[in-house]
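Letters A, B, ... mirror the listed sequences (proteins, then strands); counts begin at 1.
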2 protein chains.
Amino acid sequence: MERLEIPQKSIYRISLYSRCLERLEANGHEMVSSAALAAAAGVKSSQLRRDLAYFGAFGTRGRGYPVQALRLAIHEGLGRAKLQPVIMVGAGNLGRALLRYDGFKKEGYDILAAFDSDSEKLSEKSIPVPLFPSEEIASFARQHHVKMAILCVPAAHAQEAVNVLVEAGIQGVLNFSPAVLQVPADVTVNNVDLALELENLSYFVRK
Amino acid sequence: MERLEIPQKSIYRISLYSRCLERLEANGHEMVSSAALAAAAGVKSSQLRRDLAYFGAFGTRGRGYPVQALRLAIHEGLGRAKLQPVIMVGAGNLGRALLRYDGFKKEGYDILAAFDSDSEKLSEKSIPVPLFPSEEIASFARQHHVKMAILCVPAAHAQEAVNVLVEAGIQGVLNFSPAVLQVPADVTVNNVDLALELENLSYFVRK
DNA sequence: TAGATTGTTAATCGATTAACAATC
DNA sequence: TAGATTGTTAATCGATTAACAATC
C-alpha cells in the first residue's frame, strides 16, 4: 500500500478517527462498529470503512473493529512522528499568540524556537521560547533536525520567508499568513487563513 | 442567481480573488485577465472564470476584467457584512491568544466580548475585551445583534457551548475546539483544528 | 481585421455513497 | 444457523479542467 496515494482528505479524517478511538479506549470500549465510530467522527460509515481500507483490513465481519488495535494500526499507518520539533517563523501578534497556546505541545509538537526579522522584538519578554533573528533559521533547523515550521509573517514577506524555510530543509509548513505560497513539490503547505474563515462564515449568516 | 447554490469552496476562492483585486487596485491596475488573477490566487484560469460566473458576466472578451468594478461586484455578490460583531466563547489559552491577535479587526470583524464559565478567569487582566460569565451569552448576543461566534472551549464542553450559541441566535461559528459539533441546518460551523493540521503535515514529512 | 480573452459547454477527474457478497 | 457488520464494488455525485465559439 503506497502511502502517498492516500488522499489528503482521508488523512485528515483518519486522524479524526484516531482521536475518537483514544476517547473510546479511555472509556473502556474494546470493540466499535464502523457505524458508531463514523457517527462520533461525523461521517458516513461507508466512508469510514473506505478510509480505513487504505491501511488494510482490521475489522472482523459481524463484530466491528478492536479499538486499541485499530488505533495502533492508524498510528503505525500514518507513520506519525510524535514529539516532532517545530519552529515558529514570525513573532508578531499572531505568532506570539500561538506561542502561548499550549495545545500544540499537548499533541506532541514541540515549538523549539521563534524567529523574527525585527530585532526590536528580540528583547520581547513575554514569549515562552527563545527568539532569534531570521538569519539563524537555516543553521538552527539543520542542527535540531527540524522538518516543520509554523509561518506567521505579514503577507508581504511570506514568500521570501518560505523560500528561506525550503532552503533550510523544512518539508512541512503550517501557513497562517494570508498569502498564496509557491513551493517545490516535495514541500507541503497547509494554509490556515483566519480572516478568510470569518469572511466565509459571514456569507452564510443572514443579514 | 440563488446565493445558496454557490459551492462553499467557490466562496472561499472568491474571497481570495477579492483580496488579490484589492492589491491590484492599490497598485494602480485598472484591468486584469483571468490568467493573471488566477495566477495570483494560485488557481487555474478556467476555474476562476467559472467561479466568477456565479455572479454574472463582468469581463470584456479580449480585454479582461475591470479591477475595481469586479472587486465591488464580489463584495456585493458575497453580501459581506463588514464590521460584523463577533463574540469569543472560551477564554483559555487559545481564546486569549486569539483575542490578542489584531488580524480580525483589520478585516472588519470586531470581537465585542469574551465569555467563560470559569469565574476565576473573570479577574484576568491581560484581555483587550470585556469578559463575562457564560450565562450572559444569550442576552448579550441578542442585545448587540451578534450573529457570529468564535468557539475556543475544551473539546468536552464544545457541544454544550454550541447549544447555548444556537439558542442565542448565533448563525455562524468558527470552531477551534477539537470536537465534532451537531447543529441545526441553518447554522454554519467552520472548523479550524490546529492540532489536526500539524498532524496532517507530519504525515507528509519524510522521517 | 487580427489577436486576445471571456463565458460556457462538455469531458474528465476524483471523491462519496449505496449496496451487497463475504464471513464472523 | 441467524444476525450483524465488514470489505469492496459499482453507481452517483460534484468539482475541475480543457476546449472553443462568441465577441471585444
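Put simply, CD on B:Q47 is 9 Å from C1' on D:dT17, counting in whole angstrom units. The CG-P distance, from A:L52 to D:dT6, rounds to 10 Å in whole Å. The nearest whole Å value for the distance from the NZ atom in A:K44 to the C1' atom in D:dT6 is 18 Å. One atom, CG of A:L37, and another, P of D:dT5, lie 14 Å apart when rounded to the nearest Å. Note: CG (A:D51) to P (D:dG7) measures 13 Å, nearest angstrom. One interatomic measurement links the two molecules: OH of B:Y17 to P of C:dT6, which rounds to 13 Å at whole-angstrom precision. Between A:M31 atom CE and D:dT6 atom P there is a gap of 9 Å when expressed in whole angstrom units. Atom CD1 in B:I11 sits roughly 12 Å away from atom P in D:dA15 (whole-Å rounding).
At a threshold of 4.0 angstrom between heavy atoms, the contacts of B:R49 include nucleobase atoms, whether or not backbone atoms are also involved. Across all strands, A:S46 comes closer than 4.0 Å to base atoms (heavy-atom distances).
Side-chain N or O atoms of B:S177 include one that pairs as donor or acceptor with a backbone N or O of B:V153 at under 3.5 Å. Between the side chain of B:S134 and the backbone N or O of B:S117, at least one donor-acceptor pair lies under 3.5 Å.
Distances from the side chain of B:R61 to the nucleotides C:dT16, D:dC24, D:dT8 place D:dC24 closest. Closest contact between the side chain of A:S33 and the listed nucleotides C:dT9, C:dC24, D:dT6 involves D:dT6.
Side-chain N/O atoms of B:Y54 and B:E5 include no donor and acceptor closer than 3.5 Å. The closest side-chain donor-acceptor pair between A:N200 and B:Q8 falls under 3.5 angstrom.
Where A:R63 and A:S10 meet DNA chain C, the nucleotide closest to each residue was compared, and A:S10 sits on the side nearer the 5' end.
Heavy atoms only, all atoms of each residue included: A:M31 and A:P66 are closest at SD-CA, 3.5 Å.
Side-chain atoms of B:R50 stay outside donor-acceptor range of the base of C:dT8, with no qualifying N/O pair under 3.5 Å.
Looking at B:D51 and B:K44, no side-chain N of the basic residue comes within less than 4.0 Å of a carboxylate O on the acidic one, giving no salt bridge.
In terms of phosphate contacts, B:Y65 brings a side-chain nitrogen or oxygen within less than 4.0 Å of OP1 or OP2 of C:dG7. For D:dT5, the OP1/OP2 oxygens have no side-chain nitrogen or oxygen of A:S34 closer than 4.0 Å. Close to D:dT16, at under 4.0 Å from its OP1 or OP2, lies a side-chain N or O of B:R13.
Taking the six-membered ring where the residue is Trp, B:H144 and B:F140 present parallel rings, their angle staying beneath 30° rather than reaching 60°.
Counting only Watson-Crick or G-U wobble pairs whose defining distances are both under 3.5 Å, the stems of 3 or more consecutive pairs in DNA chain D are C:3-24 with D:3-24.
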